[in-house]
Every structure is written in C-alpha cells, then in structure tokens.
Student: 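Below you will find the structure I want to go over with you.
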Number of protein chains: 2
Amino acid sequence: MGKKGDTNRQKIVEAADRLFYRRGYNQTSFQDISDETGIPRGNFYYYFKTKDEILDAVIESRLNELVSWLEHCDTVTDDPREKLLLFTDILNNNEQDILQQGCPIGTLSSELAKDSTFLQEKSGQAFILFRDWAKAQFDALGIADSVSLAMDLLARMQGVTVLACAFKDQSFIRRSHQELRDWIVSKTMTG
Amino acid sequence: MGKKGDTNRQKIVEAADRLFYRRGYNQTSFQDISDETGIPRGNFYYYFKTKDEILDAVIESRLNELVSWLEHCDTVTDDPREKLLLFTDILNNNEQDILQQGCPIGTLSSELAKDSTFLQEKSGQAFILFRDWAKAQFDALGIADSVSLAMDLLARMQGVTVLACAFKDQSFIRRSHQELRDWIVSKTMTG
DNA sequence: GTCTATATGTAGATAGAC
DNA sequence: GTCTATCTACATATAGAC
C-alpha cells in the first residue's frame, strides 16, 4: 500500500469513527463520510467492499486505541488500585461526549445487538479487554472474585453513562465518579 | 374514533413497539410493520402523519404501561422496601429479552440521543417515572439522599442490562439481581 | 376508513473513464 | 489510485380510487 492510499483510508476510518459515535452506525451514510473527508463516495470501494467493512475497520481502530490506553495506564503507575482509579477517570475526561452521545462502546454494542450478531461480538471485544485488564488489577491485589468485581465495575460505568446521557445530567457523572472511586478504594482495602 | 379504527391503530402501535425494541427505531421500516400487522403501508398515514408520530405513540403507550405497572406494584405490597425489590425483579422477569436486545427504555434513549433531541427527552420520561417512584419509596422509609439513591438504582439496572446484552451472559444478570437486592436491603436498613 | 399506485428522495453499490 | 456517473433497491410519504 502506498503512502497516499493509507492516508485516504485512514481519513475514512477516522471520519467514520467520529460519525458512528455521534450519529450511530445505521444513521451514518456514505455521503456523510464523504462530506466530512472530501473523498468521493465511489472511492470508498477501493478500500472497503461494504459498509460493514468500514465498521469493522473502525472497531479495529478503536480496539488498538484501547490497547494503547491500557498500556499507557500501566506506565503511569505500578499500583493496581491507582490503575483502577484511572479507569474511572474516563468519566470525567469525556464528560461532554458522554452527556451527548453516551459511551462509544456501549452504544455501538447496543445498536449492533439489534441487527448484526457478528459485529456485535467484535465490538464487545472492547468490553473484554477492559474486563480482563480490571480483573488483572484485582488479582494483583490478591482480591477474590476478581472477575465479578471487574464486571461490576464495567456495569456501573455503563449505567452511569446511560443515565447521564438520558438525563443530560453532568452532576450525576461527577457524583458517580466519586462514588466509584470510593467503591474501588473500599473493595481494594487489604486489611 | 370508531372501534375498528382504534383496533387498527392499536395493532400498528403494538407491532411498532415490538419491532422498535427488537430491531431499533431507525432499522424498522413501514414495510416491516406492514408485514407484521397485515395492514398496508398507505393506511398508516390515516393514523400518523410521519414515522416520528408512530414512535411518539409507541413511547406514549410504553409510558402508560409503565404507569400501570407502578400502580400494580403499589397494590401488591405496602412495604416500600418490597416495592423496590419488585423493581429489581424486572431483570429476572425479562431475562431473555434483556440478553438479546437490552433494556427497551435504555436502548431507545441511547438511539435517540444520536438523532432526535425532542423524542429522546420524551422517551426519558420513563426513566423519570421510575426515578420518582423509587425516590418515593426511599422517602417513605425516611432515608436521606433519596434522589441520589433512586438514580443509583436506575444506573445499576441499566449497567447490568448493557453488559449482560453485550456478553450474552445470563448468569451475570442473576448474580447482579441478587446483589441489587442485597444493596437495597442494606440501604433501607433503619437502625 | 381502507388500500393501491406512485411520487420523491436517498441508501449502498458498480462500471469505467482518467 | 481517484473520481464521475449511474444502477438498483428501498425508504418515507402522497394522491386518489374505492
């Protein structure tokens, strides 16, 4: 693949990523992506055979970003508890996006649950990455039921985003963020 | 309105209700509703001017059902704690639907967050009804921070449905159901 | 009130010139 | 590799016969 080709492909994926989050997958048309990138619709088919393939590339890209983020967390601190707290900070760091569109992983998964089974499973990989990473932190602290705790943490985060977005309630995000931090501290108390 | 007219209108709303839940609002076509009801597409416009009006009627219908359900709960028991526990039982009573499509309120709200602002707000009325009802139960028990507790309860329920649906994990629903019951009992302990 | 035929727009996808 | 023109299918919506 040449450099220019990669750039155009990248531009399509990046625009699609944003649009799929803001408007949903089904509600985003090729025209929308074309308008955003300036690349004509017909050109998309040089890189992707179908719209699903664009989504596939978007999911792949999100998974890569997620892996990078998790790796980054591992360099910031060695304390597993601190790592878990960093995870909850996602709520604060993405407050506006969450209020307007919800969680990119959760909303995509919910949307795909209604039509595609294969791509829903693939988008769910992001949840699996988060869960296993969180589980690893609980394990590192020698805490029992680490998988359950990891699932509970993910579920709480999801619940907060869904409600915050439905109510457009910023203060609910902030309060919940603090409560999740307290919850993590209480669960990781070793003594 | 004549009887026959009401019946057809009702049939449209009921079919749309089911289809909007199973396939999403945007992914459901007039043809789908026509196939399900046997009523020709063109007839829809006798009752509804636009597709949005059908959605509006569906939301209205869901709100009415919800009010009936809340009123029903109030007749089952006088104990506010028991009422809150009945609320969590929704998870058990709708296990299969939740695993496959998630929460009808939550997924619709998330979907509408991406295109309609007005109808999202309207669909959010269901959350408000649940919240205020739950708040009333905490109030009746003389518990402080009743609004926050009600929001937390709703958020937890949502989080469980999103994760359970993403992972297709039945046991997670059941475990979470029990944990939510324990949480309610602990929060409503008076003494 | 009901239903058919059709208008009108736009979706995803293709063919082929450059 | 890039872009234009176009195809086919299907969406919502309308007009008007019955």
Side-chain angles (χ1 to χ4, degrees), chain A residues 1-59 108 111-112 114-120 122, chain B residues 1-59 108 111-112 114-120 122:
Chain A
M1 294 191 222
K3 190 183 176 179
K4 211 169 176 188
D6 277 341
T7 301
N8 258 4
R9 199 195 126 101
Q10 256 179 326
K11 275 158 71 177
I12 294 169
V13 172
E14 280 164 18
D17 191 350
R18 257 174 291 137
L19 288 164
F20 290 171
Y21 179 35
R22 284 195 203 151
R23 305 149 79 116
Y25 171 65
N26 289 302
Q27 284 308 102
T28 300
S29 70
F30 280 47
Q31 189 60 51
D32 293 331
I33 303 172
S34 173
D35 291 344
E36 188 105 341
T37 56
I39 300 165
R41 288 192 303 283
N43 197 355
F44 296 175
Y45 291 90
Y46 177 73
Y47 302 101
F48 310 98
K49 277 198 284 289
T50 64
K51 193 186 179 188
D52 273 4
E53 279 193 16
I54 298 181
L55 175 56
D56 196 271
V58 167
I59 294 174
L108 180 62
E111 183 179 1
L112 295 179
K114 313 230 177 218
D115 41 35
S116 158
T117 45
F118 165 67
L119 285 169
Q120 193 211 8
K122 178 146 186 172
Chain B
M1 293 191 223
K3 190 182 176 179
K4 213 171 176 187
D6 277 343
T7 301
N8 257 6
R9 199 196 126 99
Q10 257 179 325
K11 274 159 74 177
I12 293 168
V13 172
E14 281 165 16
D17 192 352
R18 256 173 291 136
L19 287 164
F20 290 170
Y21 179 36
R22 285 197 200 151
R23 306 149 80 115
Y25 171 64
N26 290 301
Q27 285 307 104
T28 300
S29 70
F30 281 46
Q31 189 59 53
D32 292 331
I33 303 172
S34 173
D35 290 345
E36 188 105 341
T37 56
I39 300 166
R41 287 192 302 283
N43 197 357
F44 296 175
Y45 290 90
Y46 177 72
Y47 302 101
F48 310 97
K49 275 198 284 290
T50 64
K51 193 188 179 187
D52 273 4
E53 280 193 15
I54 298 181
L55 176 55
D56 196 90
V58 166
I59 293 173
L108 181 61
E111 183 178 0
L112 295 179
K114 311 224 180 227
D115 42 38
S116 160
T117 45
F118 165 67
L119 286 169
Q120 193 211 6
K122 178 146 185 171

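Residue numbers begin at 1 in each chain, while the letters A, B, ... track the order of the sequences.
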Student: Would you tell me if any nitrogen or oxygen in the side chain of A:Tyr45 comes within less than 4.0 Å of OP1 or OP2 on C:dA13?
Tutor: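 A:Tyr45 to C:dA13 OP1/OP2: side-chain N or O found under 4.0 Å.
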Student: Does C:dT10 have its OP1 or OP2 closer than 4.0 Å to a side-chain nitrogen or oxygen of A:Ser29?
Tutor: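 The answer is no; no side-chain N or O of A:Ser29 sits under 4.0 Å from OP1 or OP2.
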Student: Expressed as a whole number of angstroms, how long is the span from B:Phe30:CZ to C:dT4:C1'?
Tutor: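 So the CZ-C1' distance, B:Phe30 to C:dT4, works out to 17 Å.
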Student: Between D:dT2 and A:Tyr47, is there an OP1 or OP2 to side-chain N/O distance shorter than 4.0 Å?
Tutor: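 For D:dT2, OP1 or OP2 has a side-chain N or O of A:Tyr47 closer than 4.0 Å.
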Student: Specify the separation, in whole Å, of atom CG of B:Asn43 and atom P of D:dG16.
Tutor: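 Whole-Å distance recorded here is 18 Å.
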Student: State whether B:Asn8 places a side-chain N or O below 4.0 Å from either non-bridging phosphate oxygen (OP1 or OP2) of C:dT2.
Tutor: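 Yes, B:Asn8 has a side-chain N/O under 4.0 Å of OP1/OP2 on C:dT2.
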Student: Are side-chain N/O atoms of A:Asp52 and A:Tyr25 paired as donor and acceptor at under 3.5 Å?
Tutor: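 Yes, a side-chain donor-acceptor pair sits under 3.5 Å.
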Student: CD1 of B:Ile12 versus P of C:dC3: gap in Å, rounded?
Tutor: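 To the nearest whole Å, that distance equals 10 Å.
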Student: Categorize B:Thr28 for me: base, sugar-phosphate, or nothing, with a 4.0 angstrom heavy-atom threshold over every strand shown.
Tutor: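 It contacts sugar-phosphate atoms only.
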Student: With a 4.5 Å heavy-atom cut-off, do A:Phe20 and A:Leu108 have their side chains touching?
Tutor: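 Side-chain contact under 4.5 Å: no.
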Student: Rounded to whole angstrom units, what separation is found between the OH atom of B:Tyr46 and the P atom of D:dA15?
Tutor: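 Distance check: B:Tyr46 OH to D:dA15 P gives 17 Å.
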Student: Find the distance B:Arg41:CZ to D:dA9:P and express it as a whole number of Å.
Tutor: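 Going from B:Arg41 (CZ) to D:dA9 (P), I get 15 Å.
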Student: What's the CD-P distance between A:Gln27 and C:dT10, to the nearest Å?
Tutor: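 Taking CD of A:Gln27 and P of C:dT10, I get 13 Å after rounding.
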Student: Expressed in angstrom and rounded to an integer, what is the separation of A:Lys51 atom NZ from C:dT10 atom C1'?
Tutor: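 Taking NZ of A:Lys51 and C1' of C:dT10, I get 12 Å after rounding.
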Student: Just do the side-chain contact (heavy atoms from CB on, under 4.5 Å) check on A:Gln27 and B:Lys114 with the steps written out, would you?
Tutor: CA-CA 8 Å; A:Gln27 284 308 102; B:Lys114 311 224 180 227; over 6 Å; no
Student: Would you say the side-chain atoms of B:Thr37 pair up with the backbone N or O of B:Ile33, donor to acceptor, closer than 3.5 Å?
Tutor: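 Yes; at least one donor-acceptor contact below 3.5 Å.
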Student: Do A:Phe30 and A:Ile54 come close enough that some side-chain heavy atom pair is under 4.5 Å?
Tutor: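 Side-chain contact under 4.5 Å: yes.
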Student: Picking from C:dA13, D:dC3, C:dC3, which would you name as closest to the side chain of B:Pro40?
Tutor: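 Closest of the options to the side chain of B:Pro40: C:dC3.
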Student: Please give, in whole Å, the distance from D:dA13 C1' to B:Ile54 CD1?
Tutor: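 Those two atoms, CD1 and C1', are 11 Å apart.
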